[in-house]
Amino acid sequence: QVQLVESGGGLVQAGDSLRLSCAAPGRTFGSYHMGWFRQAPGKEREFAAAITRSDISTYYADSVKGRFTISRDNVKNTVYLQMDSLKAEDTAVYYCAASSGLRLGKRSGDYNYWGQGTQVTVSS
């Protein structure tokens with residue numbers, strides 16, 4: 001069982017930055033691929049970014065590429081999502097997820113464990 005706890009959400013203006021954190025206490029953090037998903041009101045949950053367990057590869061949704069950066073610290077058992085140049089359409093609940101799969105996935109079903117989510121609201 002992996003517990004994931006997100007933090008760092010809030011209310012910002014368009015163009016501002018935020019950094020989300022996801023803590024995963026335990027010695028197995030480094031064995032999981034990690035991802036960030038988001039869900040806007042009235043919409044389905046969508047992939048935002050992911051990083052391999054080895055911290056070698058990252059993947060981004062086209063909608064956030066060039067503005068968001070995912071990173072991880074396997075010593076602190078934490079994954080981050082740096083969000084720059086935020087837009088109103090980035091408003092959503094952001095979820096951290098962990099995958100024990102062989103390959104890095106971009107679908108919700110690829111991930112075994114989920115955090116409770118943190119709200120990000122961007123005012124225009």
Side-chain angles (χ1 to χ4, degrees):
Q1 188 75 13
V2 177
Q3 291 185 328
L4 303 173
V5 181
E6 302 99 333
S7 61
L11 172 62
V12 297
Q13 294 186 335
D16 285 352
S17 297
L18 272 178
R19 188 177 80 157
L20 305 183
S21 299
C22 173
R27 295 182 292 176
T28 62
F29 176 77
S31 63
Y32 292 91
H33 300 311
M34 299 298 296
W36 286 97
F37 289 75
R38 64 186 185 180
Q39 187 167 18
K43 295 186 178 182
E44 293 186 352
R45 189 174 299 185
E46 64 175 10
F47 170 78
I51 187 167
T52 53
R53 57 175 65 93
S54 59
D55 197 12
I56 291 178
S57 298
T58 57
Y59 296 95
Y60 297 94
D62 289 342
S63 57
V64 308
K65 197 173 296 182
R67 300 187 299 120
F68 290 11
T69 303
I70 188 171
S71 61
R72 66 189 297 161
D73 186 330
N74 285 349
V75 173
K76 295 182 178 179
N77 290 352
T78 302
V79 62
Y80 304 97
L81 186 67
Q82 177 67 40
M83 305 185 295
D84 299 319
S85 302
L86 282 162
K87 305 176 182 179
E89 51 263 44
D90 294 319
T91 294
V93 177
Y94 283 72
Y95 296 90
C96 170
S99 168
S100 60
L102 182 62
R103 297 180 178 181
L104 188 63
K106 301 179 183 179
R107 301 173 304 173
S108 295
D110 294 328
Y111 291 79
N112 311 87
Y113 305 102
W114 294 84
Q116 292 300 309
T118 184
Q119 176 70 47
V120 172
T121 303
V122 184
S123 63
S124 57

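Here the structure is a predicted model, which is why all the values come from computation and not from measurement.
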Approximate separation, where rounding is to 0.5 Å, of L81 CG and E6 CD: 11.0 Å
Quick one: CD on Q82 to CZ on R67, what's the gap to the nearest 0.5 Å? 12.0 Å
Give a yes or no on whether E89 atom CD has more than 12 heavy-atom contacts from other residues, nucleotides or ligands under 6.0 Å away. yes
Just verifying a value: how many Å separate L104 CG and I56 CD1, rounded to the nearest 0.5 Å? 12.0 Å
Are the side chains of V79 and F29 in touch, meaning some heavy atoms are under 4.5 Å apart? yes
Side chains of V2 and Y32 in contact at under 4.5 Å (non-hydrogen atoms): yes
To the nearest 0.5 angstrom, please state how far the OH atom of Y111 sits from the NE2 atom of H33. 8.0 Å
Does any pair with a residue in residues 115-124 pass salt bridge (Lys or Arg N to Asp or Glu O under 4.0 Å), and if so which ones, sequence neighbours excluded? none
Inter-residue atom distance L86.CG - F68.CZ, 0.5 Å rounding: 5.0 Å
Side chains of residues 117-124: which donor-acceptor partners sit under 3.5 Å, not counting sequence neighbours?
| residue | atom | partner | partner atom | Å |
| --- | --- | --- | --- | --- |
| T118 | OG1 | G9 | N | 3.2 |
| Q119 | NE2 | A92 | O | 3.4 |
| Q119 | NE2 | T121 | OG1 | 3.3 |
| S123 | OG | V12 | O | 3.3 |

Check whether any side-chain heavy atom of I70 lies under 4.5 Å from a side-chain heavy atom of Y80, and answer yes or no. no
Is a side-chain N or O of T78 found less than 3.5 angstrom from the main chain of K76, in a donor-acceptor match? yes
Check whether any side-chain heavy atom of W36 sits under 4.5 Å from a side-chain heavy atom of C22, and report yes or no. yes
Co-membership, hydrophobic cluster, residues F37 and Y59, 4.5 Å side-chain: yes
What pairs of residues pass the side chain to side chain donor-acceptor pair (under 3.5 Å) test when at least one of them lies in residues 98-109, not counting sequence neighbours? S100-N112, R107-D110
What residue pairs, at least two apart or across chains, pass side chain to side chain donor-acceptor pair (under 3.5 Å) with a residue in residues 10-25? S17-D84
Restricting to salt bridge (Lys or Arg N to Asp or Glu O under 4.0 Å), what partner residues turn up for K65, sequence neighbours left out? D62
Is there a side-chain contact between M34 and L4 (heavy atoms, below 4.5 Å)? yes
Calculate, to the nearest 0.5 Å, the distance between atoms CD and SG belonging to Q116 and C96 respectively. 11.5 Å
If you group Ile, Leu, Val, Met, Phe, Trp and Tyr by side-chain heavy-atom gaps below 4.5 Å, do Y60 and L18 land in one group? yes
Pair up each side-chain donor or acceptor in residues 38-51 with any protein partner under 3.5 Å, not counting sequence neighbours, and list the distances.
| residue | atom | partner | partner atom | Å |
| --- | --- | --- | --- | --- |
| R38 | NE | E46 | OE2 | 2.7 |
| R38 | NH1 | D90 | OD1 | 2.9 |
| R38 | NH1 | Y94 | OH | 3.0 |
| R38 | NH2 | E46 | OE2 | 3.2 |
| R38 | NH2 | S63 | OG | 3.4 |
| Q39 | NE2 | K43 | O | 3.1 |

